[in-house]
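Both counts, for ligands and for their atoms, begin at 1 and track the order of listing. Values reported hereafter were calculated over all heavy atoms of this structure, with side chains retained and with hydrogens, waters and symmetry mates removed.
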Amino acid sequence: MTAHLQATGEAMFTGDLPELKRELRAAFVLSTIGVGEIVQVDTSEALKLPGVVGFIGAGDIPPGGENNFIPANYHLYEPDWKDELFVTKDIDYAGRPIGLILAESQALAEQGARAVTVTYKNVQRPVMDLREAIQKNMIFEKATEQKIVGNAEAALKEAAYVVEGECEMGNQYYFYIENQVALSVPSEDGIDVYSATQCSEMAQRSVAQLLGKPMNYCNMIVSRLGGGFGGKFLHSCAVAAASAVAAEVTGRPVRLRVDLSTDMQFNGKRFPIVAKYKAGCDSEGKLLGVIVDIFVDAGHVATTMTFDVISMLDQGYYCPNWKVTMKQFKTNKVCAGPTRGPGQVPACLMIETILEHLAMEARQCPVIFRELNLFVEGQKNLFGTPQRQCTLKKLWQRLKQMADVQSRLDDISKYNKDNLWRKRGLSMTASRYDMCYYPTGFPTHVSVFAADGTVVVITAGVEMGQGLYMKVAQAVAYSLGVPLEFVKVRPNQNNVTPNPLWTGGSISSERCVASAMIACEKIKAQLQPFREKQPDADWKTLLQAAWEGNAVLSAGGTHHYDNPQVDLYATYMAGVVETEVDVLTGQYQVNRVDLLGDFGDSMNPTIDIGQVEGAYVMGLGAYLTEDIFFSKETGKLLNGGTWDYKPPTTKDIPIDWRIHFLPDSPNSVGVLSSKAAGEPPIGLAMGALLSVKKAVESVREDLSGKKTFLPVAAPFTVEKAQLASGIQVNHLHV
Ligand code: MTE
C-alpha cells in the first residue's frame, strides 16, 4: 500500500516528523573505555558552543524516577537485571551512554557530544573475545542450559562414522535504513513519545519508570519503522526514555536521532558462539547421536535471546540421541540483542557443519546424506514435539528436481577439475522454524465511518517493512467485504491498543490479522439487524441505516492463544545455492539460489516472497560478510559505519534467484491457513557459506592432493576464504 512512497523516499519515518516549535535535538555521550570508573564528566567546552543548551546525565533523572531502562517485571528479562540509562560510575562496555547533549540543531548536539571529556580511573583491558572469556571462566552460572534426549554417548559407541570439531560465528548488526530515534513532546496531559520501537509497550514501561510517572502519563505513538530486524527492542526503550527524560527536564520537545556510528556502538547485536561437537551416524548415513557444547558471548549481562538455540538445533533433520549444553559468558560488550532468527542462525551453522563433516567422513554426497536424515511426519524434534503436516521430504525432492541438482553437481565437479583459480560450490540444505504464540496478545481497533464507508485500523503490531499493515488491511477488507482502498491502517498508539506483545518472532502479522478479524466480526454483528432489514443494500446504504439506528461502528479485538508455549506449527523450507570463488582474491559471487518453502496458504505471496528474499540476504550477511571488530585495548567498536562494515548490497544478491512456494498446503492451525515467513528463510543462507567453503576445499585439494574438512567460521569473509585456500606466492610461479 505504501510501496510507492517507500521506493521514492517520500515515506515519513519518526525522524521525519516536522520540526516543532522550541524543539531541541539531542546526541548521546558514550563511554570510550571498556572497563573502568568515571571520575568526572567535563561538559564545559561543549556548553561554550553557541546553540548548545545543556547536558542531561544520571543526576537529572526526575524525582521518583529510576535510572534503569529495563522495565520491572517484564517477561523477557531476569527480575534482578537493572541497567542504568545514563551510567553513574562503573563502565562495563565501551559505548555505554553517559548522558545527552541538548542543542538547537542536530549537528550542534553531535558537535557538543564530541566536545565532552570524560576522565576515568581503574581502567582495565576489556575482555572482547569469547575464547578469552571461556578461558578465564567468566561464566554466567545461572544461564546454563542442557537438553538430553536418549543417550548420545552410547549411540556414538555404536556409530560407523564419528566426527569431532568446532565451529564459530561472530556478531551481526541490524543495519536498518532508519537508525534509533525518538521524539518526546511534553503536554498538559503528560508526554507524547513518538518512538521507532518494535516494543511500544515495553518502551512505555521504560519511560514511565525513568520519569517516575504512571503509564497513562506516557502516550506512545509508533509509526512505520525503517526496519527493525530485532534491533529496535531494548535499546529503543533507552532512546525513548532518554528523550523523554530530557523533555521532562527542559519542558521542551526533544528529538534524539542516533547517528549510525553511535547506534552501532550502544545497541546490542547478534550474539557470537563457539560450538564443539561430536556426532556419529551408522554405515548408511543415518544420524545416531549428536553432542554439542555451545559457548555464547552474551555481552555484559546474561541474555534471554538464546531461548530457541537448542530447540532449533535439529532444524530439518531427525536424530534420536542428543546431549546439548549451552553456557553463556561475560564479555565487555553491550548485551546481545534479538536478531532475526536468533536461534535458527547459529543452529543452522552448527547442524549443517556437523552434517557436512559427517557426510565427508562417510564419503557420501552431502545432498543424499541430508535427504536420508530429513524429518518425516510424526518424528519428534529435540524438544519432543512431533512433526505435523511435515512437508520437508516433499520440498526436498521437488526442489532437487526443479533446481537440477544432480546435473549441476556434475557440471561443477568438471568445472573445478578444469580450473585452478576459479572454483564453484553447490550445497543443498533444509530448515525448520518452530512458531509459537507467546503470551499476551495484539489488540487491534477497527473504526468504520458511516459517512462514506471508509475504515481506519489501529493495530498494536509494528510495521517495520514486513508488510504487517498490508496484511491487516487485506484481512479487514476481506472480512467487512469492502474494497481495499477503503481501509487505512494508522500508526499505533498504546492509548487505543494497550498492553500488546512486542512485534517479532514472525508471528505478529498473522496475530494482528486475527485480532483485526475479531474486531470486524463485532462490527458485523452490530450491522446484522440492519442487513436483515435490507439484504440487498450496498455498504454505504447499510451504514447510513446502522448509524441512524445507533449501531456501534467501531470495535477492538485481541488475539490470545490458549496454549502459548507450545510450538504451534513449523515453517519448512529447502534451498540450493551455487557460488563461484576467485581463490586468488577470495572474492565470491552467489550465482544461483533456488528456494522452496511451505508457507501454507500465503496471505500475500508478494510480501512473503519479499520476506524470503530479505531474510535470505540478511543471512548472507551473517554467514559471509558482516564482521565486527573491537579494539582489544579499549573495547571500542572499530568498524562502526558503511565504509568498514559490510552488509550485503546489490552486488551480493544472487544473480539467478528462484523462489517457489509449495502449492496446496494449507496450514490447518494457521491464521487463514497461512504460515509465517519473516524469519524462517534466514538459516538457509548457511548453504551459501558451505558452498563457498566447498569451492575453497576444491583448491585446497588441488594444492595438497588431499580432501580435508575445513572448519566453519562465520562470517566466512573474502579474507577468510582467500586465506583458507592455502594459496602461497610460490604457487603463482609458472
Ligand atoms: N522485513 C523488513 N522489511 N524489515 C524488518 O525489520 N524484520 C524481520 C522480519 N522481516 C523485518 C522484516 C524480523 S526480525 C521479524 S521477527 C519479522 O519480520 C517480524 O514479522 P511479524 O511482524 O510478522 O512478526
Side-chain angles (χ1 to χ4, degrees), residues 1-3 6-7 11 13 76 172-180 196-200 222-234 236 267-270 305 307-308 312 336-345 433-438 440-442 444 459-472 474-475 489 492 500-516 559 561 568 571 599-600 602-604 606-619 621-622 647-648 670-672 674-683 685:
M1 288 170 95
T2 58
Q6 304 222 25
F13 296 94
L76 282 183
Q172 184 184 26
Y173 169 71
Y174 310 96
F175 232 88
Y176 21 60
I177 55 169
E178 172 209 36
N179 297 335
Q180 305 274 358
T197 178
Q198 286 177 244
C199 41
S200 57
V222 182
S223 59
R224 75 159 75 80
L225 309 187
F229 310 112
K232 288 173 180 162
F233 254 78
L234 188 55
S236 69
N267 197 2
K269 297 163 191 71
R270 189 185 293 289
M305 297 309 146
F307 66 100
D308 61 349
M312 292 264 188
T339 314
R340 199 175 200 167
Q344 197 208 29
V345 169
Y433 208 108
D434 298 321
M435 293 300 162
C436 183
Y437 288 166
Y438 303 97
T440 82
F442 285 93
T444 295
T459 182
V462 174
E463 171 59 59
M464 49 186 161
Q466 82 281 47
L468 184 148
Y469 279 10
M470 179 74 222
K471 286 182 178 171
V472 167
Q474 281 179 275
V489 185
N492 62 15
L501 186 66
W502 32 267
T503 300
S506 298
I507 38 71
S508 324
S509 297
E510 64 202 57
R511 297 192 67 189
C512 291
V513 161
S515 64
H559 179 246
Y561 184 62
L568 187 63
T571 299
F599 295 100
S602 168
M603 282 191 218
N604 185 324
T606 45
I607 285 179
D608 289 343
I609 285 178
Q611 285 301 297
V612 174
E613 291 173 339
Y616 193 83
V617 171
M618 189 163 171
V671 176
L672 292 172
S674 71
K675 284 192 177 186
E679 287 167 296
I682 191 166

Carefully, step by step, assess R340 and F229 under the rule side-chain contact (heavy atoms from CB on, under 4.5 Å). CA-CA 5 Å; R340 199 175 200 167; F229 310 112; 3.7 Å; yes
Just to be sure I understand the cut-off, which residues have at least one non-hydrogen atom under 4.0 angstrom from an atom of ligand 1? G227, G228, F229, G230, R340, M464, G465, Q466, L468, T503, G504, G505, S506, I507, S508, S509, Q611, G678, E679
Is a donor on one side and an acceptor on the other found under 3.5 Å between the side chain of Q344 and the backbone of G683? yes
Taking only residues two or more places apart in sequence or in another chain, which ones pass salt bridge (Lys or Arg N to Asp or Glu O under 4.0 Å) with E178? K232
Measure the spacing between CE of M435 and CZ of R511 and express it to the nearest 0.5 Å. 13.0 Å
Worked verdict on T459 versus Y469 for side-chain hydrogen bond (donor to acceptor under 3.5 Å, both in side chains): CA-CA 8 Å; T459 182; Y469 279 10; over 6 Å; no
Indicate the atoms forming the closest heavy-atom contact of V671 with V513, along with that distance. CG1-CG1, 3.8 Å
